[in-house]
Amino acid sequence: MDRAEEEAIEQKHYHQQQTKYEHHPPSKHDLNDNDDISVIIDTTAGGNKDITKEDMPSRHVHFLMAHRYNDHPTDGNGSHDDNNGTWSNVLLSGLAPLGQQKSPAVCIWILLIMVLVAISGELLWSKETAGEFLELDPFNVMFGPSIQVLVQSGARYPPCMLNSTHMPPTRRYICINATTAAAMETMPVSLFDPALPPNETTSLVTTPSTCSLQDICGFGGFSNPRTPDQAFRFLTPLFVHSGLLHCAVNLAVLMWMGIKLERLMGSWRFIALYFSTGIFGNVFGANFAPPTTPSSGCSPALFGLLGSLYIDLAFRWKLVQQPLRHFIKLIGYTTLGFVVLDLLPGVDSFSNMGGFLAGLAMGLSTVPAEPMNSKRSFLMLWAARGITLIIMFILLGVLLNNFYGENGPDEFCTYCQYISCLPINGFCSQQKK
């Protein structure tokens, strides 16, 4: 076959593809390995014939990016001929990452099973110790067990983690069980009320109706009976929930965001983001929340996932239609979470705030970025990741040092309680007890 015949065949193939895409711009499903890129550019750019070979790669990449995030290509001026950036479409997209999702979602289902096993264990333990699955008097509005069951199930509880003047380990306390539950109906006492006068609390001899702090905390007690040391309670609250309602809401949000985020970043990055933000949130909350208020739930990790969505949007700001609307949507969801949900009794706003801040920082390292156009951009991204991680570790050390220091959280921040509750109907006074 001579050169003239080859050129004739190429010209025929060119016109066939031009006719194919002339009235129907190609989608990613239409692109074949042997399609001529120049034809695709000509048809999607409104028939612009002044395209050079040097323009082809960048124009083709721009077309693919536009399709990947907006479902439709842009014209030669970058304007869109669809309505995917409308407010309705932006809001209906929900809390989902904008990046390409390639990995399978595996760990999210393991987390789901672990949380369901944990809440089942709480209810069974409540039945074993108090004779009822749900606390009815006083009624647990989250449809869950008593405070003591939550503490023994692994809720974050500072008196079990360090020596506290609020609940010294040398004193004895009301032990809630099937025997004392009936007596409490006529005797208004709580778990935190000492069972013996101060001058009689040096003895650790047990009685049928009282418990030591070790008994209340569970998990085999402490290495030294007079020194609480259950630091693992920075992690275990991610699996413990205050009731069925609390668990259902958190799991629904976890599945809503988690599946797509794990598919975006992969299982290992997702697990690193989930647990690092959850633990940091609990450390943060332990420094500011009332010291005798148990904290449970995976919401610090959920706010961490929410924070990572801001990083995902920042990485793809120039690749999506109406990025400002996506940003406003995230602001709206974040505000809704903090203002409406966190001000309910028993919800720890401080842990969620810490989880959200950690999500912004850890998201920079766990959310995949788009390919860099230059080596400088690549180095700047990794430098930002390194600096952010260093700051996070320093801040974590400062918070831990402050938590285990001499001053309790309620002593250096007397007004912090109002961040986590509304001063209405005694909500704040109930949490401060």
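Because only heavy atoms are used, hydrogens play no part in the values below, and waters and symmetry mates are left out as well, while side chains stay in. Just so it is clear, the model here is predicted, and its values are computed rather than measured.
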Problem set entry | Distance-only side-chain donor-acceptor flag, Thr292 / Tyr157, under 3.5 Å | no
Exercise. With a 4.5 Å heavy-atom cut-off, do Leu98 and His326 have their side chains touching?
Worked result: yes
Problem set entry | Any side-chain donor near an acceptor of the partner, Thr86 and Asn89, under 3.5 Å | yes
Problem set entry | Residues which pass side chain to side chain donor-acceptor pair (under 3.5 Å) with Ser93, listed by chain and number, not counting sequence neighbours | Lys329
Exercise. Any donor-acceptor pair under 3.5 Å linking the side chain of Asn287 with the backbone of Leu399?
Worked result: yes
Exercise. Side-chain contact, heavy-atom cut-off 4.5 Å: Phe403 with Pro158?
Worked result: yes
Problem set entry | Exceeds 12 heavy-atom contacts within 6.0 angstrom, atom CZ of Phe139 | yes
For this session: Might you work through the ring pair (Phe, Tyr, Trp, His ring centres under 6.0 Å) test for Phe234 and Phe280, ending with a clear yes or no?
Result: CA-CA 8 Å; Phe234 288 128; Phe280 185 90; over 10 Å; no
Exercise. Taking it one step at a time, do Tyr333 and Trp256 satisfy ring pair (Phe, Tyr, Trp, His ring centres under 6.0 Å)?
Worked result: CA-CA 13 Å; Tyr333 278 116; Trp256 186 24; 5.7 Å; yes
Exercise. Between Glu370 and Arg316, is there a side-chain N and carboxylate O pair less than 4.0 Å apart?
Worked result: yes
Exercise. Which pairs with one or both residues in residues 377-386 pass side chain to side chain donor-acceptor pair (under 3.5 Å), sequence neighbours excluded?
Worked result: Ser374-Ser377
Problem set entry | Contacts of type side chain to side chain donor-acceptor pair (under 3.5 Å), residue Ser267, not counting sequence neighbours | Glu262
For this session: Measure the acute angle between the ring planes of Phe288 and Phe284, then classify it against the limits of 30° and 60° as parallel, tilted or perpendicular.
Result: tilted
Exercise. Are Thr277 and Phe356 close enough that some pair of their side-chain heavy atoms sits under 4.5 Å apart?
Worked result: no
Problem set entry | From CA spacing to verdict: side chain to side chain contact (heavy atoms under 4.5 Å, CB included), Met161, Phe222 | CA-CA 9 Å; Met161 306 168 74; Phe222 317 132; over 6 Å; no
For this session: For residues Ser146 and Asn140, determine if any side-chain heavy atom of one lies less than 4.5 Å from a side-chain heavy atom of the other.
Result: no
